[in-house]
Trainee: 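Submitted below is the structure of interest, expressed as structure tokens.
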Amino acid sequence: MDLFSEIEEPEREELRALRKELEEANYKYYVLNMPTLSDREFDEKMHRLQALEAQFPDMFDPKSPTQHVGSDLVVTGQSLSLVVGNKGFEQVKHKYPMLSLANSYSREEIEEWVRKLPSGVEIVCELKYDGLSISLWYEHGVLVKALTRGDGQQGDNVIDNIKTIPSIPWKIERTDIPEFFELRGEVLLPWANFERLNKEREEQEEPLFANPRNAASGTLKLQDPREVARRGLDAYLYYMLGENLPGNTHFERLDTARQWGFHISDAIKVCHSVDEVMAYIAYWDTERKNLPVATDGIVLKVNNLAQQEELGYTAKTPRWAIAYKFPAEKQLTLLKEITYQVGRTGVVTPVANLEPVQLSGTMVQRATLHNEDFIKSLDIRPGDKVWVEKGGEIIPKITGKEVTGDGLQVTDYHFITHCPECGAELVRVEGEAAWRCPNEAGCPPQIKGKIEHFVSRKAMDIEGLGEETIDLFYQKGLLHNIADIYDLKLDDIAAQERLGEKSAQNILDGIEASKQVPWSRVLFALGIRMVGETTAKKIARKYNTIDALQWATVEQLCAIEDVGPQIAENIVKYFEDIRNLEILNRLRKAGLQMEGEAAPEPTSDKLAGLSIVISGTFAHHSRDEYKAMIEANGGKNVGSVSKKTSFILAGENMGPEKRKKAEDLGIKMLTEDEFLEML
Ligand code: IVH
């Protein structure tokens with residue numbers, strides 16, 4: 001080995017390691033919606049990899065993450081489908097590859113990029129929206145496909161979900177439009193809807209989305225357009241492609257798209273000099289904080305299309321565009337103390353108490369530390385100087401430590417062993433990251449939390465009984481559990497400070513009205529662990545009285561869609577606890593709805609015992625209609641092809657992976673007509 005190769009070796013190693021790390025980070029970001037690196041870290045590592053690859057041209061690899069864009073394709077291959085779930089979208093090849101953008105965090109580099117352009121070039125400045133890209137295909141004015149970026153070459157057709165976005169036209173009624181055109185843009189979940197969604201998820205004990213981008217991405221890949229519609233996505237469009245399109249500049253094209261009825265941001269601006277570009281960046285750096293959606297930078301594009309053509313493309317990015325990314329706001333501060341919060345379900349969350357710092361215009365002094373594993377992975381203890389960051393997330397987070405402090409330093413960090421609220425010994429359920437207080441019936445935040453959940457809007461919807469009032473009634477000994485609500489008396493309530501007779505009467509009216517709330521919501525209101533609103537509805541449809549549900553076994557419950565062994569066990573355990581039975585008895589006596597409408601009986605059992613996969617698009621009925629038909633005839637509609645699949649109802653453009661898997665397993669495929677005939 002010569003001297004040089006020995007010196008080079010660690011850098012080659014680093015290059016290989018970076019490729020692997022970035023490939024993994026791409027997968028976690030785009031497919032799992034669980035980012036592990038901050039955008040900044042990702043970009044820095046990518047830049048380092050680019051530099052190393054330039055240094056070692058012999059190590060060029062077309063598969064390197066520097067050479068292709070990250071992929072959001074839902075992988076249906078065996079090992080991955082376990083992680084991703086089964087989401088059968090049609091995969092479609094892009095007419096024009098969907099590229100990424102070169103980016104920089106440095107204003108100097110942006111200035112440099114502008115200066116290197118031929119003189120007199122016009123530059124369009126736009127906001128860089130922080131969602132996920134979408135490609136909309138219009139044929140004869142009709143929206144026919146809506147593709148995610150996928151791996152840049154082919155994407156998932158999520159048209160049913162895209163059609164829930166009010167600002168995206170399904171049809172353009174004009175005669176002056178080309179036969180085919182494509183509009184690209186960004187799908188986003190506006191801040192207000194993101195916050196509402198996370199609040200709901202918190203109430204229902206579902207994991208929170210880290211930021212609006214992740215929430216939008218998770219939403220777009222749902223199989224239930226009604227749920228997508230409810231969450232309220234939006235989209236901004238920023239690029240028109242196709243043949244024989246009007247206009248010679250990017251700006252003209254966007255303006256045309258606006259006239260055709262598309263949602264184009266008003267923030268786009270044609271700039272003629274470096275100074276104008278830098279002024280645009282400076283203006284939006286602060287002004288973007290007032291926008292209803294998340295942005296993470298500014299995009300600069302050469303305006304003239306002929307000039308764009310001349311500049312051309314690299315494997316991954318156009319040379320005629322660049323993104324300036326706003327740095328995530330970050331501060332170093334002292335971690336003074338770790339305290340612990342007990343939630344409604346008994347989960348104990350560690351909280352970082354910080355020396356207050358100014359971040360994105362607000363004073364930050366607390367940040368969540370999630371759980372014990374998170375603290376250990378960062379190796380932080382009270383006394384350390386830690387980095388607090390506020391990027392796309394609304395909740396500030398600790399991203400690492402700088403130096404180990406000396407003043408308050410403790411040698412070993414240990415999570416608490418007993419509940420700070422009631423003193424019970426904590427338990428850690430296997431497979432879960434959280435420590436819990438098991439004292440459900442005796443731990444104050446759990447008691448109050450259960451009552452708060454019970455009266456919440458989506459549960460019993462009892463107005464007037466807010467967090468503060470519940471706390472007050474708990475302190476005064478009026479409320480210890482949900483059944484006590486129905487024993488509250490006008491005089492007891494009116495005797496409390498801040499509550500006059502009028503508000504007391506309002507509360508009682510709300511309590512009275514709650515007796516009409518249907519059975520499925522009563523079931524949700526009980527707060528059985530992991531039984532969210534949708535699951536409760538499904539259970540209530542199957543078990544239309546509480547008496548029937550009380551005797552259901554784990555196996556029987558598992559037969560309900562969305563109910564897995566863990567939820568089933570929680571339900572069974574709930575009914576085994578005598579204290580719950582007493583509460584249910586009192587609720588029944590109070591007059592709550594403990595019975596509901598029975599589920600529609602199957603019209604036939606022609607498909608009884610069969611598992612059927614629906615794939616592709618159909619001419620006679622929608623997918624939802626076919627799903628309903630299968631269920632009405634006693635069959636089960638399942639998402640993914642496996643050994644257990646009885647047959648596939650195969651429409652047009654069935655996904656290639658599904659087709660291959662079906663062929664490999666020798667599973668029969670029925671056409672739409674064959675299926676209808678069979679019924
Ligand atoms: S143009 C060929 N314009 O940023 C150029 N992209 O990091 C295509 N993005 O994949 C992209 N706002 O999802 C463009 N005003 C904007 C954008 C924008 C957000 C996203 C887009 C792209 C990513 C690159």
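Both counts, for ligands and for their atoms, begin at 1 and track the order of listing. Start at 1 with the first residue, then count along the sequence. Predicted, not measured: the structure shown is a model, and the values here were computed from it.
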Trainee: Honestly, is Lys95 close enough over Phe180, meaning NZ or CZ under 6.0 Å from the six-membered ring centre and within 45° of the axis?
Mentor: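 Judged by the rule (NZ or CZ under 6.0 Å from the ring centre, within 45° of its axis), Lys95 counts as positioned above Phe180.
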Trainee: Could you tell me whether the side chain of Glu21 and the main chain of Ala17 form a donor-acceptor pair under 3.5 Å?
Mentor: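 Not a single qualifying donor-acceptor pair exists.
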Trainee: In terms of residue, atom name and distance, what is the protein heavy atom nearest to atom 24 (C) of ligand 1?
Mentor: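 Here the closest protein heavy atom is Leu101 N, 3.7 Å.
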Trainee: Classify the angle between the aromatic ring planes of Phe181 and Phe262 as parallel (below 30°), tilted (30 to 60°) or perpendicular (above 60°).
Mentor: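 Phe181 vs Phe262 ring planes: perpendicular.
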Trainee: Considering only heavy atoms, does Val299 approach ligand 1 within less than 4.0 Å through its side chain, its backbone, both, or neither?
Mentor: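 Only the side chain of Val299 comes within reach of ligand 1.
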Trainee: Hey, is ligand 1 close enough to Trp320 that some N/O pair sits below 3.5 Å?
Mentor: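 No; every N/O pair is 3.5 Å or more apart.
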Trainee: Record the part of Lys128 in heavy-atom contact with ligand 1 below 4.0 Å; permitted values are side chain, backbone, both and neither.
Mentor: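 Within the 4.0 Å criterion, Lys128 contacts ligand 1 through backbone and side-chain atoms alike.
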Trainee: Determine, for Glu23 against Arg19, whether the closest basic-nitrogen to carboxylate-oxygen distance falls under 4.0 angstrom.
Mentor: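 Judged by the 4.0 Å cut-off on N to carboxylate O distance, Glu23 and Arg19 do not form a salt bridge.
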Trainee: May I have the step-by-step check of side chain to side chain contact (heavy atoms under 4.5 Å, CB included) for Gln307 and Trp320, ending in yes or no?
Mentor: CA-CA 8 Å; Gln307 285 172 337; Trp320 47 261; over 6 Å; no
Trainee: Under a 4.0 angstrom heavy-atom cut-off, which atoms of ligand 1 come close to Ser133?
Mentor: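 So the atoms of ligand 1 that pass are 10 (O), 13 (O).
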Trainee: I need the atoms of ligand 1 closer than 4.0 Å to a non-hydrogen atom of Arg149, numbered in the order shown.
Mentor: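 Under 4.0 Å from Arg149, ligand 1 has these atoms: 10 (O).
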Trainee: Within the structure, does Leu127 bring an N/O atom to less than 3.5 angstrom of an N/O atom in ligand 1?
Mentor: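 Checking ligand 1 against Leu127, an N or O pair does fall under 3.5 Å apart.
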Trainee: Among all protein non-hydrogen atoms, which one is nearest to atom 8 (C) of ligand 1, and what is the separation to 0.1 Å?
Mentor: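 Protein heavy atom with the smallest distance to atom 8 (C) of ligand 1: Tyr239 CD2, 4.3 Å.
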Trainee: Under 3.5 Å between any N/O of Tyr129 and any N/O of ligand 1: does that happen in this structure?
Mentor: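 Right, the criterion is met.
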Trainee: So which protein heavy atom does atom 3 (N) of ligand 1 come closest to, and at what separation?
Mentor: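 Result for atom 3 (N) of ligand 1: Lys301 NZ, 3.0 Å.
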Trainee: Using a strict cut-off of 4.0 Å, indicate which atoms of ligand 1 neighbour a heavy atom of Glu126.
Mentor: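 In order of number, 3 (N), 15 (N), 16 (C).
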Trainee: Do the side chain of His94 and the main chain of Thr148 share a donor and acceptor less than 3.5 angstrom apart?
Mentor: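 Checked: pair present.
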Trainee: Between Arg40 and Tyr105, is NZ or CZ placed under 6.0 angstrom from the six-membered ring centre and within 45° of the ring axis?
Mentor: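 Yes, cation above the ring, under 6.0 Å and within 45°.
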Trainee: Could you check whether Lys163 makes a cation-pi contact with Trp170, meaning its NZ or CZ is under 6.0 Å from the centre of the six-membered ring and within 45° of the ring axis?
Mentor: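 Yes, a cation-pi geometry.
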Trainee: Please evaluate residues Asn103 and Tyr324 with respect to the criterion side chain to side chain contact (heavy atoms under 4.5 Å, CB included), reporting the C-alpha separation (whole Å), side-chain torsions for both, the decisive distance (0.1 Å), and the verdict.
Mentor: CA-CA 6 Å; Asn103 68 54; Tyr324 166 72; over 6 Å; no
Trainee: Is the closest heavy atom of Arg184 to ligand 1 under 4.0 Å?
Mentor: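 It does not; every heavy atom stays at 4.0 Å or beyond.
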Trainee: Please confirm whether Pro318 comes under 4.0 Å of ligand 1, counting heavy atoms of the residue only.
Mentor: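 Contact present.
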Trainee: Please evaluate residues Leu300 and Val124 with respect to the criterion side chain to side chain contact (heavy atoms under 4.5 Å, CB included), reporting the C-alpha separation (whole Å), side-chain torsions for both, the decisive distance (0.1 Å), and the verdict.
Mentor: CA-CA 6 Å; Leu300 280 61; Val124 178; over 6 Å; no
Trainee: What residue and heavy atom of the protein are closest to atom 20 (C) of ligand 1, and at what distance?
Mentor: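 Answer, as residue, atom name and distance: Glu186 OE1, 3.4 Å.
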Trainee: Look at atom 22 (C) of ligand 1 and say which protein heavy atom is nearest, naming residue and atom and giving the distance to 0.1 Å.
Mentor: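 I find the closest protein heavy atom is Tyr238 OH, 4.2 Å.
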